[in-house]
Amino acid sequence: MRKHIVAGNWKMNNNLSETQSLITDLKNQNKTSDAEVMIAPSFTNLWHANESLRTTEIEVVAQNMHFSESGAYTGEVSPEMLKSLGITTVILGHSERRAYYNETDESLARKVDAALKHDMRVIFCFGEELSDRKANNQEAVVESQIKNALFHLEADAFKNIVLAYEPVWAIGTGETASPEQAQEMHAFIRKTLEDKYGSETAENVSILYGGSVKPNNAEEIFSKPDVDGGLIGGASLKAEDFYAIVNAF
Ligand code: PEP
């Protein structure tokens, strides 16, 4: 059975004291849904966040990592470094990483392999640009992103993969895909997985939606049968808003 998941991507927000204060606020929230909850602070705050939340239901995850074990990669963080802090889940392929740091399906395939080799869970992000959607090309774009980065894997690997469909035009813009657009794409993604790996694998993979999910639209988006949760940017920076989304299931 696939899981409901709500993950907060803090991006490059919150210094140490802001992190401490948001974590205190998060600990004061009540969870009334069955969703797994994750937060992704910056690298510098991962250790503190993970220690502070160790005894809670909130999992602390990383926003990115390098695919190499170690070496001359200034400014980068390896899978083993994350594991040594107790971090076992990593977000890969966020559209901001693709756009600003030249991440490609090929380099992401290497990152996915590295994460799986280290027994880490991956939240793999992908999604079309506005121009793709205007040209009605969104399915072809999403299909090729998934195929190029993931379809070299065996079916079993998908036990450790969560997919996050994030149309680039809806991230941080206040523009959300309609619940119908999200459902249509999520069903297409699941069918793409089914065609390659069979229905058992496809049915068990959680597919999150990301792009301006807020307390006032989460319930409708999450009510769609193929939407298994959300990757939340802006609204994850306020504990009350984030938990309103967590509790929208
Ligand atoms: C994101 O960055 O993954 C995201 C979905 O951001 P926002 O919720 O702010 O659109």
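Atoms within each ligand, like the ligands themselves, are counted from 1 in listed order. Numbering of residues begins at 1 and proceeds along the displayed sequence.
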Review point. Run the side-chain hydrogen bond (donor to acceptor under 3.5 Å, both in side chains) check on Trp10 and Gln63 step by step: do they pass?
Key: CA-CA 8 Å; Trp10 289 8; Gln63 296 177 18; over 6 Å; no
At less than 4.0 angstrom from any non-hydrogen atom of [X], what atoms of ligand 1 do you find?
X: Gly172; value: 7 (P), 9 (O), 10 (O)
X: Gly234; value: 7 (P), 8 (O), 9 (O)
X: Asn9; value: 2 (O)
X: Lys11; value: 1 (C), 2 (O), 6 (O)
X: Leu231; value: 3 (O), 5 (C)
X: Gly211; value: 5 (C), 10 (O)
X: Glu166; value: 1 (C), 3 (O), 4 (C), 5 (C)

Check your understanding: If you measure from the Lys or Arg side-chain nitrogens to the Asp or Glu carboxylate oxygens, is any gap between Glu80 and Lys83 under 4.0 Å?
Key -> no
Check your understanding: Using 4.0 Å as the upper bound for N to carboxylate O, is an ion pair formed by Arg121 and Glu59?
Key -> yes
Check your understanding: For atom 6 (O) of ligand 1, which candidate among Ala40, Ala235, Gly233, Gly174 provides the closest heavy atom?
Key -> Gly233
Study note, to complete from the structure: The complete set of ring pair (Phe, Tyr, Trp, His ring centres under 6.0 Å) pairs with one or both residues in residues 207-231, sequence neighbours excluded, reads Phe222-Phe249
Check your understanding: Just heavy atoms, cut-off under 4.0 Å: does Ile171 contact ligand 1 by side chain, backbone, both, or neither?
Key -> both
Exercise for review: Could you see which bit of Ala170 sits under 4.0 Å from ligand 1, with heavy atoms only: side chain, backbone, both or neither?
Suggested key: backbone
Check your understanding: How would you list, by chain and number, every residue that makes a side-chain hydrogen bond (donor to acceptor under 3.5 Å, both in side chains) with Asp195, sequence neighbours excluded?
Key -> Lys191
Review point. Between the main-chain N or O of Thr32 and the side-chain N or O of Asn247, is there a donor-acceptor pair closer than 3.5 Å?
Key: yes
Point to revise | Short side-chain to backbone donor-acceptor contact, Glu220 and Asn217, under 3.5 Å | key: no
Check your understanding: In terms of residue, atom name and distance, what is the protein heavy atom nearest to atom 1 (C) of ligand 1?
Key -> His94 NE2, 3.2 Å
Check your understanding: Side chains of Gln138 and Asp132: is there a donor and an acceptor less than 3.5 Å apart?
Key -> no
Review point. For ligand 1, is there an atom lying under 4.0 Å from some heavy atom of Lys214?
Key: no
